[in-house]
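Okay, structure first, notes after.
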Amino acid sequence: MKTYNILVPTDFSESADLAIEHGLFLARKFDGVLHLLHVAELPTISIPDFPTDLFDIAWEQGMNELKALVDDLEGELPPIKRTVLAGIPARPAAEVILQYAEESEADFIVMGTHGRRGPRRMLLGSVTEEVVRRSPCPVFTVRASRKAWPLPQIQRILVPIDFSGGSRKVIESASRFAEHYGASITLMHAVDLAFFPYYGLGSDPLVDITKNMTESSEERLIEFAAELQAAGIIANWKTVDGHPAETIRSLADEDDFDLIVIGSHGRSGFDRMMVGSISEKVLRSAHCPVLVVNTGDGIKQLEAAA
Ligand code: ATP
Ligand code: MN
């Protein structure tokens, strides 16, 4: 049987603590190994004339903190691997985390939406943003809030799909989670007329166009849901009118979903993977955990270009 590797990078913030709880939960569910990684952010690895290497001090401190964290975890623990690595301006934390993910063959990365600097300035911390952009594996992000503790059970998963090529991969990841959590899946598609380029040009009145778009989305959602049901997963579907990011967020809030699984729509840029604007907005605004699945082929294209 496959061993799952679950990576939780921590800066010892409250968000990261929450990520560790989710990581632990996942490691138990998936019968996997929990990798805890701290990147000591240093000005440089060594400063000339400084008596001890800065990293030696940071390493010891980081290892002690990781040990204290693990000692505080309750219940039966899965195998846990602790690592402290150095991050420097030329090779920042996100870079180190991504490399570790690749080398350890991580199946998921679990991270806080924020870290030590906290949510004051931004809706998403820069380390998480970069990791989500470039991660080869799905990234599970959690937002620390009053509602986040105690850990909510994941019983209902919302999977927004846009019927692009990556949709199947997103549904596949969602179904693995659904199986392990014993959760149901709701597939949803937002019919956004503002996006329909030919609106007003053809002879069809607007009502007909809306009706056609909704009906054809429903047909495809029904097909996907039937595939999930055939695999033994409780699945239903829903179409909603409106802008995708807003409808996804409000549906997740109103219907109390425990997890959103969404594609990154990774497209290859000149030098990095981009995250689609819808996933980015959902990631920044959702109150529940969000699993971003890399649906791009940007990584391969980057390698080919190198
Ligand atoms: P900023 O972008 O200003 O640093 P922030 O500190 O609020 O904002 P991030 O640094 O992106 O946000 O932190 C988000 C998550 O990234 C943390 O919860 C943690 O999981 C991970 N993380 C951040 N820094 C490190 C680090 N040095 N080592 C390991 N994981 C980290
Ligand atoms: Mn930070």
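In this chain, residues are counted from 1 in sequence order. For ligands, and for the atoms within them, numbers begin at 1 and follow the listed sequence.
Shown in contact with M111 at under 4.0 Å from a heavy atom are these atoms of ligand 1, numbered in order with element: 16 (O), 20 (O), 21 (C). With ligand atoms numbered from 1 in the order given, ligand 1 contributes 11 (O), 14 (C), 15 (C), 16 (O) to contacts under 4.0 Å with heavy atoms of T128. The atoms of ligand 1 that sit less than 4.0 Å from any heavy atom of E41 are 27 (N). For ligand 1, the atoms sitting less than 4.0 Å from at least one non-hydrogen atom of G125 are 2 (O), 8 (O), 9 (P), 11 (O), 12 (O), numbered in the order shown with element in parentheses. Close contacts between ligand 1 and A16 involve ligand atoms 18 (O) [criterion: under 4.0 Å to a heavy atom].
When non-hydrogen atoms are compared, ligand 1 lies under 4.0 Å from neither the backbone nor the side chain of E129. Of the heavy atoms in L37, only backbone atoms (N, CA, C, O) come closer than 4.0 Å to ligand 1. Residue contacts with ligand 1, taken as heavy atom pairs separated by less than 4.0 Å, do not involve V131 at all. Contacts between R116 and ligand 1, counted as non-hydrogen atom pairs separated by less than 4.0 Å, involve the backbone only.
In this structure, E105 places its CD atom where only 12 or fewer heavy-atom neighbours from other residues, nucleotides or ligands lie under 6.0 Å away.
No continuous path of ILVMFWY side-chain contacts below 4.5 Å connects V33 to Y4, so the two sit in separate hydrophobic clusters.
Taking only nitrogen or oxygen atoms, main chain and side chain alike, S15 does not reach within less than 3.5 Å of ligand 1. Checked by distance only, ligand 1 and I97 stay at 3.5 Å or farther apart across all their nitrogen or oxygen atoms. Taking only nitrogen or oxygen atoms, main chain and side chain alike, V127 reaches within less than 3.5 Å of ligand 1. Backbone and side-chain nitrogen or oxygen atoms of T113 are examined, and none is located within less than 3.5 angstrom of a nitrogen or oxygen of ligand 1.
A salt bridge does not link R176 to D107: none of the charged side-chain nitrogens sits closer than 4.0 Å to a carboxylate oxygen. Checked for salt-bridge contact, R168 and E227 meet the test: a charged N lies under 4.0 Å from a carboxylate O. With respect to the salt-bridge test (charged N to carboxylate O, under 4.0 angstrom), the residues K29 and E179 do not qualify. A salt bridge does not link K281 with E246: every distance from a Lys NZ or Arg NE/NH1/NH2 to an Asp or Glu carboxylate oxygen is 4.0 Å or more.
Closest heavy-atom approach to atom 27 (N) of ligand 1 within the set V39, L18, T141: this belongs to V39.
Summarising the geometry, atom CD1 belonging to I20 is positioned 4.5 Å from atom CG belonging to L69; distances are rounded to the nearest 0.5 Å. Taking CD1 from I171 and NZ from K169, the interatomic distance works out to 13.5 Å, rounded to the nearest 0.5 Å.
Taking the six-membered ring wherever Trp is involved, the centroid distance between the rings of F25 and F140 does not fall below 6.0 Å.
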